[in-house]
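Letters A, B, ... mirror the listed sequences (proteins, then strands); counts begin at 1. All values below were derived from every heavy atom in this structure, side-chain atoms included, with hydrogens, water molecules and symmetry-related copies excluded.
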Amino acid sequence: MDESTQSSEQIARLREHTRLHPAEVEPRTVERWLASGLFHPEPGESREGAYSIAIPPPNVTGTLHMGHALNGSIQDVLIRYHRMKGLRTKWILGTDHAGIATQAQVEKALAAEGVNRRELGREAFVERVWDWRSHYGGQIVEQFKRLGASCDYTEERFTLDEGYARAVAEVFVALYEKGWIYRDRYIVNWDPGTRSAISDLEVEEREETDTLYSIVYDLEGGGTVTIATVRPETMLADTAIAVNPHDERYKDLVGRTAILPLVGRHLPVVADEYVKTDFGTGQLKITPAHDPNDFEIGRRHGLDQVSVIGEDGRMTAEAGEEFAGLTVLEAREAVIAALDREGRVSAREPYLHSVPYSHRSGQRIEPLISLQWFMKMDELAAPAIAAVQEGAVRIVPENHRKVYLDWMAEIRPWCISRQLWWGHRLPVYYCEDCRAVHVATSAPESCPSCGGQVRQEEDVLDTWFSSALWPFATLGWPDETPQLRSFYPTDVLSTARDILFLWVARMIMMGIEFTGRAPFSEVYIHSVIQAPDGRRMSKSLGTGIDPLQEIEKHGADAVRFGLLAMSSSQDVRYSAEKVEQGQALANKLYNAVRFALLRIAEQPGVELSQLAAQPQPATVEDRWIVSRLQRVKADLAARIESYDFSHAALSLYDFVYGELCDWYIELVKQRLDLDGQASEQERQALAATLLHVMRQTVALAHPVIPFVTEELWGYLGGQGLLAGGSWPQAQDDLLDPEAEQVLARAIEAITLLRGWRDSVSAKPGLIVPARLIAEGYDATATLIARLARLDLVAPNGDGSIAEEQPVAAVTVPGGTVEVLSAEGLDLHAAQRRAQAQRQRLQADIDRVQAKLANGQFVAKAPAQVVQAEREKLARLQAELEAL
RNA sequence: GGGCGCGUAGCUCAGUGGGAGAGCGCUCGCUUCACACGCGAGAGGUCGCAGGUUCGAAACCCGCCGCGCCCACCA
């Protein structure tokens, strides 16, 4: 197919379709992008000239939700913008094995078949998860493609793939050898739901009202103590009573022995600073095995640890025959009933307090003593704190910086082992004979100490342990790969704030520790999109909105635009209107291009492919639009670079609607009329300018709305794919402040005249005879006449003004338009309008005059402000005069 | 308990020291030869409340009221 037939077919297609059909165009465009290889950059010699982002890896079996769609849109704007700027741009893609979430999904599926994982056995279960992954794992990646995300799909990673596992083992061993990873019997957040320990960050506190019981314990040798508790069932595990050492009331108690009711255990009374003297009775039961504070107190005083709650959330044999096997809540009732029988409950009152729940399973956390692996964080944190303090890592918006620094300053050890089957098994090997512990990147054949049989640790690592390595493990670390050399560190990490500690902080720590450099120089924290009613978007609440459905309905461009436009530095409610605004923009742009090309095509002697690439502005409106185009180019670039996506999107909208379509296209329509007076040369120049403006507009809109712009780029005869095209840099030499001023005045005049027409009920088709007596319209009088539907009998400055008497006058900047015929006009209405206008003007004048009469204002305000007020006053007075 | 943030038009949100804005909705008028997912013109706001700083406050400071989020081991 030669060029001219191709273009005539395109013209025919444009003529036929008055509207854009995103559902038809978009999927086809994705295929063209993927086939082009544009999303896969070749590694370079060094990091220079490259731009990279590591995607926050979605859960492998997940599906796209609004958060993904927003963050995907944000990152894709950055990626496409920098790719167009000519950088080797890589968006690192992959998925997370998501230990608990994925395992839970598969367990649920198994449960439907009536199987539980223990019956299946570890090996078979893990195999089932891999099957599951191969079945559902590709889904979310396909959904990112549909969004238009220009990730490097050719190098997709998985946090459990072979290379990644090597990186994880390497890191674990290194930290173990430094002594920062260790094993300890410690009180942990036990989640009975997942039957695993979880980290502090996965615990969520909920306010609940429970009963606070006061219970009387006897003292050996007479007397009593009264303790208060909301968890009477844990008293079965009490091993001491504590009071504050400075509490005068209880000085004599310290050293004595209390008798634990129901059990009979002897409890020493100890003194500890932790106990508050002004809270409760000042006498505290100590249960080291089931309360984190008591655990610490127990360690300080060398107290026994008695465990009465098991990993299944039920009472153990240690709790005694009467209670063993009961759930915690049942045990609570039973214990209170038993205490009541002995008359030991001296008070009960409702008590509001916070209760820990598992973020993973939703079940109540049981603090338990358990043998787990921990990671010491303070030494890792120090350089990560410095990186943010010194600006090596910049957090945007800045208020999150303090949140990060505060948390890092108080960082505590991280429980990294999980009693799950799906994940990175710890590279720890125990000898069955000599009980030696070996930590190594690969399994030893036999025990290096005694030659005995070794057995690998059953536990797996917290998913976030592997996620923490994401920016470099995905690029081939620990090997020194070309990818690592070329794309590490990445430029920016974009995410919602909920994983600032869970993930971002840990990546910074691990990145610095293992590569010597922070994994990114900027962290952008984006909005959380809430449901339209302000609640959290969630499946369980039924408040979720599926981005893919929205994409089907409105197009990916519309959804991208909408999400970007509604995002800000704070949480926002989902706005269907913004998505519709995006759809309208895409359609508007399509029609603007459609207009330009259809009109250019019908111009005799004008051939699209022959047109000059540079604009040839011939008139003031041409110079105006070209100048405005430079402004929006600079504005958009600045806003993208400062992560101000909502203003970037809206500024694009304003330019396309407000300047390009509402004004420029309307202004030049007549010059394209075939029965007009324009010469072929003039038409050619106009066509070149129009084409230039359209191409540039489409190019600068590309990062935000890539689909429609890619499609239009083809129609406009652009070279290659727009996704691989170049970003339209603002050219200062094309700025034209004079043209901008002239057009601003003309636009205001036209708007005023249209308003006046409306007020006198002039029919749209009525051409009103008028005389323009005003300055600054030499270049725009004919445009004003046409757009305000006037017949200007004698343009401004003409000496031969007809001496007709005006029937009305309309004030415009710099003068007046005198209306010469009342035919078809309701001038009475105009009077009322003028009256209202006069009142408004007078009020403004009064205010400015009062300001200027204020000596303080004139004396203290900047001269420039005073001057501006004076000019304003003069202008307002002139306007009132003219009325 | 500590921290962060928010309260501006009917709705969702911009604006952060010198004339109150946008989108949607609403009213009126238009099948104007790119687009009715359109075009033109409008109505609508004591900028949460009360003080203060300033010549000047929606914006800066203090307090109060209301709402949201994060962190936190007081039974």
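Taking 4.0 angstrom as the limit, A:Arg231 places none of its side-chain polar atoms (N or O) nearer than this to OP1 or OP2 of B:A75. Distances shown here put every side-chain N or O of A:Ser575 at or beyond 4.0 Å from the OP1 or OP2 atom of B:G23. Using a 4.0 Å cut-off, no side-chain N or O of A:Tyr590 falls inside it from OP1 or OP2 of B:C35. Phosphate contact (OP1/OP2 of B:C35, side-chain N/O of A:Arg19, threshold under 4.0 Å): absent. Distances shorter than 4.0 Å separate none of the side-chain N or O atoms of A:Lys588 from OP1 or OP2 on B:G38.
A residue-by-residue look at A:Arg789 and A:Ala565 shows that A:Ala565 has its nearest nucleotide of RNA chain B further toward the 5' end. Nearest-nucleotide mapping onto RNA chain B: of A:Leu201 and A:Thr229, the residue sitting toward the 5' end is A:Leu201.
Among the heavy atoms of the strands lying under 4.0 Å from A:Val275 is at least one base atom, whether or not backbone atoms are also near. Contacts of A:Arg847 with the nucleic acid, taken as non-hydrogen atoms under 4.0 Å apart, involve only primed sugar atoms and P, OP1 or OP2. Among the atoms of the strands shown, base atoms are found under 4.0 Å from some heavy atom of A:Glu666. A:Asp406 comes within contact range of no nucleotide atom at all, as no heavy-atom separation falls under 4.0 Å. Using a 4.0 Å heavy-atom cutoff across all strands shown, A:Ser568 reaches sugar-phosphate atoms only and no base atom. Looking at heavy-atom distances under 4.0 Å, A:Ile665 makes contact with a base.
In this structure, the NZ atom of A:Lys402 is 10 Å from the P atom of B:G5, given to the nearest Å. Atom P of nucleotide B:C73 and atom CZ of A:Arg412 are separated by 5 Å, given to the nearest angstrom.
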Given protein heavy atoms under 4.0 Å, the one-letter contact record of nucleotides 53-58 of chain B, with B base, S sugar-phosphate only and - none, is simply --B---
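Geometrically, A:Arg348 does not engage A:Tyr213 in a cation-pi contact, judged by NZ or CZ lying under 6.0 Å from the ring centre and within 45° of the ring axis. At least one test fails for A:Lys578 against the ring of A:Tyr574: distance under 6.0 Å to the centre or angle within 45° of the axis.
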